[in-house]
Amino acid sequence: MSRRLPWRRARAGAVLTVAALLGTAACGTESDVPASAGGDATREKTECQGPDGDYLIGMSQANVAEPYREQMDDDIRAAAEDVEQFEVVFADAAQDNSKQVTDVENFLTQGIDLLIISPNEAAPLTGVVERAYNQGVPVIVLDRKIEGDSYTQFIGADNTEIGRAAGEYVATELLPDGGNVVEIKGLPGSTPAQERSTGFHEGIASNENIEVVAEGVGDWLRAKGQSQFEAILQAEQNIDVVYSHNDPMAEGAYLAAESAGRAGEIDFVGIDALPIPSGGIKAVQAGRLSATFVYPTGGAEAVETAKKILLECEDVEKEQLLETQLVTKENAAEVYKRNSTG
């Protein structure tokens, strides 16, 4: 279900004055937010300014240590450059939940008209996202979810389905006769890590001869993926496949195996498939990864949604699901060419 909110332009100086006098949100009123959700149905409604407005958008990023998140920010910047009414300010939470909460609070003080957020972890960021939404700020939740539905739109791929597809690929293509798998997980409190794990175990369930012999937590980072797999290699002598929740951790695991002289005996599967020279598609072409799965950043889509909300004064759907695709050596060159902007 979608809902329509009113917005008006207000930058930092005006925000402080209005907030002090009326107790309103920085970038709009709460007139059509239910009282049960923190709104005030009696407040006068302010009309959407549409293309005549001038809008400040806050982008709260979980971290920029992951190439995927750098690309997401770049995609937002590129798309927003084509919208003269938009100014986008970015904040890097550096995988710190408390910092990301503060980042969003600072955005609200600055008077943002719309918030885009990719939460570091779901539970710790739910409260501040709800606060922004209930104050009348439209919120686009990108890639990682929060708890509940206090947001305007979620944009992302189906991580459970991606995990399931990865599991099915391992079960039918890499290990049809069974074998031993190691799973390298992302940040435990983030919804993609939870869903990619759940889906993977569903995907391999059809092959009773596959066993997950070890798990590591790499927090989405290449260096951690490498160190986690180094420890696992010392304990496990028989490993056939590494399933990693993203490509950088898979690449880190590959480096650990290469250093131990065991890379040739293990298949590595990741997720993200960034169409950049250092991304997962090129790693598949080079033979370091056996497969990866396209996980769009949603950056361009987030700007398109912002245009619909702020410029066109339109309702938007609660969820926008993005398509994924299996990438192997057979189709890697074609997928890279189709998705690359360089």
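In what follows, residues are counted from 1 in the order of the sequence shown.
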Query - Asp73 and Arg69, any side-chain heavy atoms less than 4.5 Å apart - result: no
**Report entry** Heavy atoms from other residues, nucleotides or ligands near CD of Glu323 exceed 12 (cutoff 6.0 Å)
**Finding:** no
Report summary line: Correct closest heavy-atom pair for Pro51 and Leu311 would be CD-O, 3.0 Å
**Report entry** Nearest heavy atoms of Pro124 and Asn97, plus distance in Å
**Finding:** CG-ND2, 3.5 Å
Query raised in the report: Is any side-chain heavy atom of Met72 closer than 4.5 Å to a side-chain heavy atom of Glu66?
Result: no
Report task. Find the distance between CZ (Phe229) and CD1 (Ile239) and round it off to the nearest 0.5 Å. Result -> 4.0 Å
Query raised in the report: Under a 4.5 Å side-chain heavy-atom rule over Ile, Leu, Val, Met, Phe, Trp and Tyr, are Ile184 and Ile271 clustered together?
Result: no
Requested in this report: Keeping the roles fixed (side chain from Glu301, backbone from Ile155), state whether a donor-acceptor pair exists under 3.5 Å.
Outcome: no
Requested in this report: Rounded to the nearest 0.5 Å, what's the gap from CD on Gln135 to CG on Leu108? Could you check?
Outcome: 5.5 Å
Query raised in the report: Of Val104, Ile112, Asp113, which is the lone residue that meets side-chain contact (heavy atoms from CB on, under 4.5 Å) with Val137?
Result: Ile112
Query - Reported CD-to-OG1 distance for the pair Gln285 and Thr328, which is rounded to 0.5 angstrom - result: 10.5 Å
Query raised in the report: Is the closest basic N to carboxylate O distance between Glu304 and Lys307 below 4.0 Å?
Result: yes
Query raised in the report: So, Tyr68 side chain and Pro296 main chain: donor-acceptor pair closer than 3.5 Å or not?
Result: yes
Requested in this report: Using the test salt bridge (charged side-chain N to carboxylate O under 4.0 Å, His left out), find all partners of Glu208 that sit at least two apart in sequence or belong to another chain.
Outcome: none
Query raised in the report: If you take all heavy atoms of Ile232 and Gly216, which pair is closest and at what distance?
Result: CD1-N, 4.1 Å
Report task. Indicate yes or no for a side-chain donor-acceptor contact from Arg144 to the backbone of Ala122 under 3.5 Å, with no hydrogens or angles considered. Result -> no
Query - Interatomic spacing from OG1 in Thr297 to CD in Gln71 - rounded to 0.5 Å - result: 6.5 Å
Query raised in the report: Does NZ or CZ of Arg196 come closer than 6.0 Å to the centre of the six-membered ring of Phe293, within 45° of the ring's axis?
Result: no
Query raised in the report: Are any non-hydrogen side-chain atoms of Glu202 and Thr160 less than 4.5 angstrom apart?
Result: yes
Query raised in the report: How long is the gap from CG on Asp92 to CD on Glu70, to the nearest 0.5 Å?
Result: 9.5 Å
Query raised in the report: Does atom NZ of Lys99 have more than 12 heavy-atom neighbours from other groups under 6.0 Å away?
Result: yes
Report task. Check whether Val212 and Val217 end up in the same hydrophobic cluster, where Ile, Leu, Val, Met, Phe, Trp and Tyr are linked by side-chain heavy atoms less than 4.5 Å apart. Result -> no
Query raised in the report: Okay, side chain of Asn331, backbone of Glu334: is any donor-acceptor separation there less than 3.5 Å?
Result: no
Query raised in the report: Any side-chain heavy atom of Met59 within less than 4.5 Å of one from Phe107?
Result: no
Report summary line: Of all heavy-atom pairs linking Leu221 and Ala65, the shortest is CD2-CB, 3.9 Å
Report task. Could you give me the CA-CA distance, side-chain angles and deciding distance for Tyr55 and Leu114, then say whether side chain to side chain contact (heavy atoms under 4.5 Å, CB included) is met? Result -> CA-CA 8 Å; Tyr55 303 98; Leu114 182 141; over 6 Å; no
**Report entry** Option among Asp247, Asp272, Asp143 that satisfies the side chain to side chain donor-acceptor pair (under 3.5 Å) test with Tyr295
**Finding:** Asp143
Requested in this report: Begin with the C-alpha distance, continue with both residues' side-chain angles, and end with the deciding distance and a verdict on side chain to side chain contact (heavy atoms under 4.5 Å, CB included) for Arg222 and Leu255.
Outcome: CA-CA 10 Å; Arg222 176 173 171 154; Leu255 290 175; 3.2 Å; yes
Requested in this report: Return yes if some donor-acceptor pair links the side-chain N/O of Thr126 with the main-chain N/O of Glu147 below 3.5 Å, else return no.
Outcome: yes
Query raised in the report: What about Phe268 and Val327, same hydrophobic cluster or not, with Ile/Leu/Val/Met/Phe/Trp/Tyr joined at side-chain heavy-atom distances under 4.5 Å?
Result: no
Query raised in the report: Using a distance-only test with no angle check, is there a side-chain donor-acceptor pair under 3.5 angstrom linking Asn106 and Gln110?
Result: no
Query raised in the report: Counting distance only, does the side-chain N/O of Asp103 pair as donor-acceptor with the main-chain N or O of Ser60 below 3.5 Å?
Result: no
Requested in this report: List in chain and number order the residues that pass ring pair (Phe, Tyr, Trp, His ring centres under 6.0 Å) with Tyr243, two or more places apart in sequence or in another chain; answer none if no residue qualifies.
Outcome: Phe200, His245
Report task. Taking the side chain as every heavy atom from C-beta outward, state whether Val242 and Tyr254 have any pair of such atoms under 4.5 Å apart. Result -> no
**Report entry** Check: Ile76 and Phe90 side chains under 4.5 Å, non-hydrogen atoms
**Finding:** yes
Query raised in the report: Do Leu321 and Leu326 sit in the same hydrophobic cluster, where Ile, Leu, Val, Met, Phe, Trp and Tyr count as joined when their side-chain heavy atoms come under 4.5 Å apart?
Result: no
Report task. In sequence, state the C-alpha distance, the side-chain angles, and the governing distance for Thr324 and Glu161, and then conclude on side chain to side chain contact (heavy atoms under 4.5 Å, CB included). Result -> CA-CA 9 Å; Thr324 184; Glu161 181 54 37; 5.5 Å; no
Report task. Give a yes or no answer on whether the side chain of Glu168 reaches the backbone of Ser206 with a donor-acceptor pair at less than 3.5 Å. Result -> no
Query raised in the report: So, Thr305 and Gln153: side-chain donor and acceptor under 3.5 Å apart, yes or no?
Result: yes
Query raised in the report: To the nearest 0.5 Å, how far apart are CG in Asn207 and CG in Leu174?
Result: 11.0 Å
Query raised in the report: Sub-3.5 Å donor-acceptor pair from the side chain of Thr152 to the main-chain atoms of Pro138, do we have one?
Result: no
Report task. Could you go through the side chain to side chain contact (heavy atoms under 4.5 Å, CB included) check for Val181 and Asp240 one step at a time? Result -> CA-CA 6 Å; Val181 175; Asp240 301 298; over 6 Å; no
Query raised in the report: Can you find a pair of side-chain heavy atoms, one from Glu195 and one from Thr198, that are under 4.5 Å apart?
Result: no
Query raised in the report: Do Asn120 and Leu187 have side-chain heavy atoms sitting under 4.5 Å apart?
Result: yes
Query raised in the report: Is a side-chain donor or acceptor of Asp96 paired with a backbone partner of Ala93 at a separation under 3.5 angstrom?
Result: no
Report task. Tell me, please, which residues at least two apart from Glu258 pass salt bridge (charged side-chain N to carboxylate O under 4.0 Å, His left out). Result -> none
Query raised in the report: Between Ile266 and Val182, is there a shared hydrophobic cluster once you connect ILVMFWY residues whose side-chain heavy atoms come closer than 4.5 Å?
Result: yes
Query - Atom of Ala157, atom of Ile162 and distance for their closest heavy-atom approach - result: CB-CD1, 3.9 Å
Report task. Please report the closest heavy-atom contact between Lys145 and Phe154, naming both atoms and the distance. Result -> CG-CE1, 3.5 Å
Query raised in the report: Between the side chain of Gln228 and the main-chain N/O of Met249, is any donor-acceptor distance below 3.5 Å?
Result: no
